[in-house]
Amino acid sequence: MSRPAAIVTGGARGIGLACAEALADAGFEILVVDLAEKAGDGLAANIAARGAKFAYHRSDIADFDSHSALVDAATSAFGRIDCLVNNAGIGSIVRGDLLDLKPEDFDRILAINLRGTVFLSQAVARAMLAAPGDHPRSIITITSVSAEMASPERADYCISKAGLSMWVKTLALRLAAENIAVFEVRPGIIRTDMTSGVTAKYDSLIDGGLVPTRRWGEAADVGAAVAALAGGRLGFSTGSIINVDGALSVPRL
């Protein structure tokens, strides 16, 4: 039996890289998709050192015309697709008063975070249905606690993640009978490049009890959840939301 293969978008750094590493450790071959023309120094060696075959594909998921080439790259490299991790995304281009939100900024974040992810998922799901596999199959979308917790200064980001949350639900219903599990993973405050500019702010908030576990989340925390879901043992939980947030999103009095 051949090893399962996974696509990880935005997989060259941060949460995406942690997902790629965790999946490689779990026995998956890895195709990393990112914006750079070629994989950065050490990325291929990192994944290969974990016993996985590695491939890289340059793509902007907002470009719908690139999706078929991305799918072809995975099937060409590994002969199969068993897991898609939708991680690629951007934060708000400008944080500020939502009454000042510009249509072009709104359109850009939705083009990547929502529309690009939706239609790439569609393309991968079609490929999975066309070639049934012998491993558990899954589509896992990284959203955010911001899918439910509102931040008015970055409303466009929150809207994009809330839209993805509904996409996961509908996709899970469509693919449940096909034995393709669909999950939403919601990270909380995770130490990445995206949060590096607000480290001091969140250090203070975490010390003050904002996160009940009293620590930052790490990218590896998200990777561990993704690897567990992709392994197939939670297939009957398809459509579920997995919070990776140290209980940040639990309502409190």
Side-chain angles (χ1 to χ4, degrees), residues 1-11 16 19-20 23-24 26-35 52-89 110-143 147 160-185 226-227 229-232 234-242:
M1 183 182 295
S2 59
R3 288 161 52 102
I7 298 170
V8 182
T9 67
C19 292
L23 287 167
F28 283 77
E29 319 291 23
I30 304 296
L31 173 72
V32 165
V33 180
D34 220 296
L35 291 174
K53 292 181 181 178
F54 172 79
Y56 181 85
H57 184 75
R58 190 270 169 196
S59 182
D60 179 353
I61 65 166
D63 177 8
F64 295 169
D65 292 337
S66 72
H67 292 174
S68 60
L70 194 165
V71 171
D72 288 346
T75 54
S76 176
F78 309 127
R80 59 190 304 132
I81 302 171
D82 300 285
C83 176
L84 168 65
V85 180
N86 287 313
N87 169 73
L110 263 69
I112 298 171
N113 292 9
L114 182 57
R115 296 175 73 242
T117 299
V118 164
F119 287 100
L120 177 58
S121 300
Q122 183 188 75
V124 171
R126 286 172 172 165
M128 287 179 172
L129 292 175
D134 49 8
H135 288 284
R137 294 177 298 167
S138 60
I139 296 176
I140 302 167
T141 299
I142 310 298
T143 63
S160 72
K161 296 299 186 177
L164 278 181
S165 186
M166 181 53 70
W167 168 247
V168 170
K169 292 180 177 65
T170 55
L171 187 64
L173 291 173
R174 171 63 180 84
L175 297 179
E178 308 289 349
N179 202 30
I180 299 173
V182 181
F183 300 102
E184 176 185 355
V185 174
V226 166
L229 295 171
L234 299 175
F236 199 59
S237 297
T238 187
S240 294
I241 298 167
I242 309 300

Minimum heavy-atom distance [X]-[Y], with the two atoms named:
X      : Y      : value
Gly16  : Val8   : O-CG1, 3.4 Å
Ile30  : Ala20  : CD1-O, 3.7 Å
Leu31  : Phe78  : N-CE1, 3.7 Å
Ala147 : Ala162 : O-CB, 3.5 Å
Gly89  : Ile112 : CA-CG2, 4.0 Å
Cys83  : Ile140 : SG-CD1, 4.1 Å

Measure the [atom1]-[atom2] distance between [X] and [Y] for me, rounded to the nearest 0.5 Å.
X      : Y      : atom1 : atom2 : result
Ile81  : Met128 : CD1   : CE    : 6.5 Å
Leu120 : Asn86  : CG    : CG    : 5.5 Å
Ser59  : His67  : OG    : NE2   : 6.0 Å

task: Please lay out, stage by stage, how Leu171 and Ile180 fare under the test side chain to side chain contact (heavy atoms under 4.5 Å, CB included).
output: CA-CA 10 Å; Leu171 187 64; Ile180 299 173; over 6 Å; no
- request: With sequence neighbours left out, write down each residue that passes salt bridge (Lys or Arg N to Asp or Glu O under 4.0 Å) with Asp60, or none if nothing qualifies.
  value: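 So Asp60 forms a salt bridge (Lys or Arg N to Asp or Glu O under 4.0 Å) with Arg108.
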Do the side chain of [X] and the main chain of [Y] share a donor and acceptor less than 3.5 angstrom apart?
X      : Y      : answer
His57  : Val71  : no
Asp82  : Arg137 : no
Asn87  : Ile142 : no
Thr238 : Gly235 : no

query: Between Thr117, Val124, Val118, which is the residue that forms a side-chain contact (heavy atoms from CB on, under 4.5 Å) with Ser121?
result: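 The side-chain contact (heavy atoms from CB on, under 4.5 Å) with Ser121 is passed solely by Thr117 among Thr117, Val124, Val118.
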- prompt: Please walk me through it: do Asp34 and Tyr56 pass side chain to side chain contact (heavy atoms under 4.5 Å, CB included)?
  reply: CA-CA 8 Å; Asp34 220 296; Tyr56 181 85; 3.4 Å; yes
Candidate pair Lys169 and Ile241, rule side chain to side chain contact (heavy atoms under 4.5 Å, CB included), full reasoning: CA-CA 9 Å; Lys169 292 180 177 65; Ile241 298 167; 4.2 Å; yes
task: Evaluate whether atom NZ of Lys53 has more than 12 neighbouring non-hydrogen atoms of other residues, nucleotides or ligands under 6.0 angstrom away.
output: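 Check fails, neighbour count at 12 or below.
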query: Does CG belonging to Asn179 count more than 12 external heavy atoms closer than 6.0 Å?
result: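 Result for CG/Asn179: open.
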message: According to side chain to side chain donor-acceptor pair (under 3.5 Å), who are the partners of Glu184, at least two apart in sequence or on a separate chain?
response: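 Side chain to side chain donor-acceptor pair (under 3.5 Å) check on Glu184 returns Thr143, Ser165, Arg186.
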task: Before giving the answer on side chain to side chain contact (heavy atoms under 4.5 Å, CB included), spell out for Arg115 and Phe64 the whole-Å C-alpha distance, their side-chain angles and the decisive distance to 0.1 Å.
output: CA-CA 9 Å; Arg115 296 175 73 242; Phe64 295 169; 3.5 Å; yes
